[in-house]
**Q** 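So that we are looking at the same thing, I have put the structure below in structure tokens.
Position 1 is the first residue of the sequence, and the numbers go up from there. Atoms within a ligand are numbered from 1 in the order they appear, just like the ligands themselves. The structure presented is a predicted model; accordingly, all values stated were derived computationally and were not measured.
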Amino acid sequence: MIPAQFDYIAPTSVEEALAALAEHGDDAKILAGGQSLLPVLRMRLNAPEVVIDLGRIDSMRGIRDDGDAIVIGAMTQHAVVGSDPLVAEHAALISKAVEHLADAQIRHRGTFGGALAHADPAGDLGAPTLALGAQFVIAGSGGTRTVAADDFFVDLFETAIGEDEILTEVRVPKHTGWGAHYEKFVRVAHQWPIVAVAAAVKVDGGTISEARVGLTNMGSTPLRARAVEEALAGQPATDEAVRSAAARAAEGANPPSDLNGDADYRRHLATVLTRRAVLAAAGS
Ligand SMILES: Cc1cc2nc3c(=O)[nH]c(=O)nc-3n(C[C@H](O)[C@H](O)[C@H](O)COP(=O)(O)OP(=O)(O)OC[C@H]3O[C@@H](n4cnc5c(N)ncnc54)[C@H](O)[C@@H]3O)c2cc1C
């Protein structure tokens with residue numbers, strides 16, 4: 001189908017984009033890579049009067065080292081994030097997740113910030129950013145605020161970004177030297193996961209000193225598997241110890257039931273994938 005008619009604005013700065021959002025309010029929709037928005041418009045599930053394209057705002061693109069964090073511009077395409085050496089060195093969990101995100105065409109158009117703002121519970125970037133304790137920088141007419149990952153994902157397709165605000169960048173604390181792995185379970189290649197697990201672990205002399213584990217599609221938002229993280233701390237990076245901790249992966253989760261699998265199946269998957277992800281991250 002063809003989208004309903006809309007006016008098109010392409011600002012070249014965040015300030016201009018915010019002014020356009022303030023002027024058009026509910027009638028406006030932000031366009032990033034268009035990989036989620038355009039299908040919605042084409043199916044006429046949404047018919048904004050104005051589309052504000054962020055594609056010409058250079059300041060929202062790119063990756064930089066900022067001391068104890070890596071900063072990823074919201075308009076940076078998945079393919080750029082996935083091949084960036086800074087991300088690979090200091091936030092390897094994100095590189096690993098991007099490897100599994102959709103197909104090459106979508107990775108070249110879709111953006112890091114667009115995917116996170118879209119907040120699909122099956123999206124591959126929520127769990128790794130949550131696990132690594134990312135900070136989301138959001139600009140609005142009153143200035144800029146920073147929201148912790150724990151508070152950013154509010155509900156199904158809902159984040160802390162207000163109607164009149166724009167996600168400009170994501171700050172990911174460095175986890176240099178940590179092992180990382182993203183284990184994604186799909187029925188069809190290049191698709192959203194039925195369940196996926198993002199694991200980052202710090203191993204010192206064969207012992208897991210710290211672990212961070214995020215779950216994809218185990219609830220209406222990405223989740224931290226905190227029971228697993230606590231159970232892993234101080235344990236040897238062995239199959240037996242990891243298997244025992246991973247058994248707690250679904251604690252507190254509220255997974256959906258759909259044609260791909262019911263909630264119990266997803267709970268079981270979470271334990272299996274967590275074991276695999278943690279062992280791979282630990283290099284065991
Ligand atoms: C066939 C297909 C398969 C896919 N498979 C996967 C997959 O396996 N895993 C996965 O994670 N994703 C998958 N995706 C989604 C892909 O990651 C998209 O790139 C992503 O969801 C949206 O990013 P975008 O830049 O295209 O945003 P857009 O589609 O342009 O925007 C998405 C939404 O976010 C809002 N938005 C965008 N940027 C901002 C911003 N900076 N501030 C505030 N609001 C903003 C828009 O208004 C819109 O509501 C798939 C998409 C398709 C079409």
**Q** In the protein, what heavy atom is nearest to atom 50 (C) of ligand 1, and what distance, to one decimal place, separates them?
**A** W192 CZ2, 3.1 Å
**Q** Below 4.0 angstrom, N of the basic side chain to O of the carboxylate: do K174 and E89 qualify?
**A** no
**Q** Among all protein heavy atoms, pick out the one at the shortest distance from atom 22 (C) of ligand 1; state its residue, atom name and that distance to 0.1 Å.
**A** S36 OG, 3.4 Å
**Q** Side chains of E99 and S95: any donor to acceptor distance under 3.5 Å?
**A** no
**Q** Test of understanding: given a 4.0 Å heavy-atom threshold, classify the contact between K184 and ligand 1 as side chain, backbone, both, or neither.
**A** side chain
**Q** Of all the non-hydrogen atoms in the protein, which one sits nearest to atom 53 (C) of ligand 1, and at what distance?
**A** Q35 O, 3.3 Å
**Q** Distance under 4.0 Å to a non-hydrogen atom of G123: what atoms of ligand 1 satisfy this?
**A** 11 (O)
**Q** Quick one: look at L54 and ligand 1, take heavy-atom pairs under 4.0 Å, and tell me if it's side chain, backbone, both or neither.
**A** side chain
**Q** Give a yes or no on whether a salt bridge exists between E229 and R224, defined as a side-chain N under 4.0 angstrom from a carboxylate O.
**A** yes
**Q** Which of parallel (below 30°), tilted (30 to 60°) and perpendicular (above 60°) describes H100 and Y182?
**A** tilted
**Q** Residue-level breakdown please: for M75 versus ligand 1, do any non-hydrogen atoms fall below 4.0 Å on the side chain, on the backbone, on both, or on neither?
**A** neither
**Q** Thinking salt bridges, do D150 and R226 make one under a 4.0 Å N-O criterion?
**A** yes
**Q** Where the closest heavy atom to atom 34 (O) of ligand 1 is concerned, which of G113, A17, G114 has it?
**A** G114
**Q** Which heavy atom of the protein is the closest neighbour of atom 1 (C) of ligand 1, given with residue, atom name and distance?
**A** I106 CD1, 3.4 Å
**Q** For atom 33 (C) of ligand 1, which candidate among H118, Q191, E163 holds the nearest heavy atom?
**A** H118
**Q** Nearest to atom 25 (O) of ligand 1, what protein heavy atom do you find, and at what distance?
**A** T111 OG1, 2.6 Å
**Q** Decide whether an N or O pair under 3.5 Å exists between A32 and ligand 1.
**A** yes
**Q** Within a radius of less than 6.0 Å around CD1 of I2, do more than 12 heavy atoms belonging to other residues, nucleotides or ligands occur?
**A** no
**Q** Using a strict threshold of under 4.0 Å (side-chain N to carboxylate O), is an ion pair present between R61 and E169?
**A** no
**Q** For a 4.5 angstrom cut-off between non-hydrogen side-chain atoms, does D124 reach W192?
**A** no
**Q** May I ask you to say whether R276 pairs ionically with E183, meaning some side-chain N is under 4.0 Å from a carboxylate O?
**A** yes
**Q** Would you tell me which option among P193, G73, A117 has the nearest heavy-atom contact to atom 35 (C) of ligand 1?
**A** A117
**Q** Please write down residue, atom name and distance for the protein heavy atom closest to atom 24 (P) of ligand 1.
**A** G33 N, 3.5 Å
**Q** So, E251 and R248, do they make that salt bridge, N to O below 4.0 Å?
**A** yes
**Q** Under 4.0 Å, heavy-atom basis, I'd like to know which part of D124 is in contact with ligand 1: side chain, backbone, both or neither.
**A** both
**Q** Quick one: which of L116, L101, D103 has a heavy atom closest to atom 10 (C) of ligand 1?
**A** L101
**Q** Could you check atom 48 (C) of ligand 1 against the protein and tell me its nearest heavy-atom contact, residue, atom and distance included?
**A** I30 O, 4.1 Å
**Q** Is it the case that ligand 1 has an N or O less than 3.5 angstrom from some N or O of A102?
**A** yes
**Q** Atom 28 (P) of ligand 1: which of A189, G34, G162 has the nearest heavy atom?
**A** G34
**Q** Hey, are R266 and D258 close enough for a salt bridge, meaning a charged N less than 4.0 Å from a carboxylate O?
**A** yes
**Q** Could you check atom 17 (O) of ligand 1 against the protein and tell me its nearest heavy-atom contact, residue, atom and distance included?
**A** H78 NE2, 3.3 Å
**Q** Do N217 side-chain atoms and I194 backbone N/O form a donor-acceptor pair below 3.5 Å?
**A** yes
**Q** Going by heavy-atom distance to atom 40 (C) of ligand 1, choose the closest among N46, L37, D53, L167.
**A** L167
**Q** Please check: side-chain N/O of T168 versus main-chain N/O of A139, any donor-acceptor pairing under 3.5 Å?
**A** no
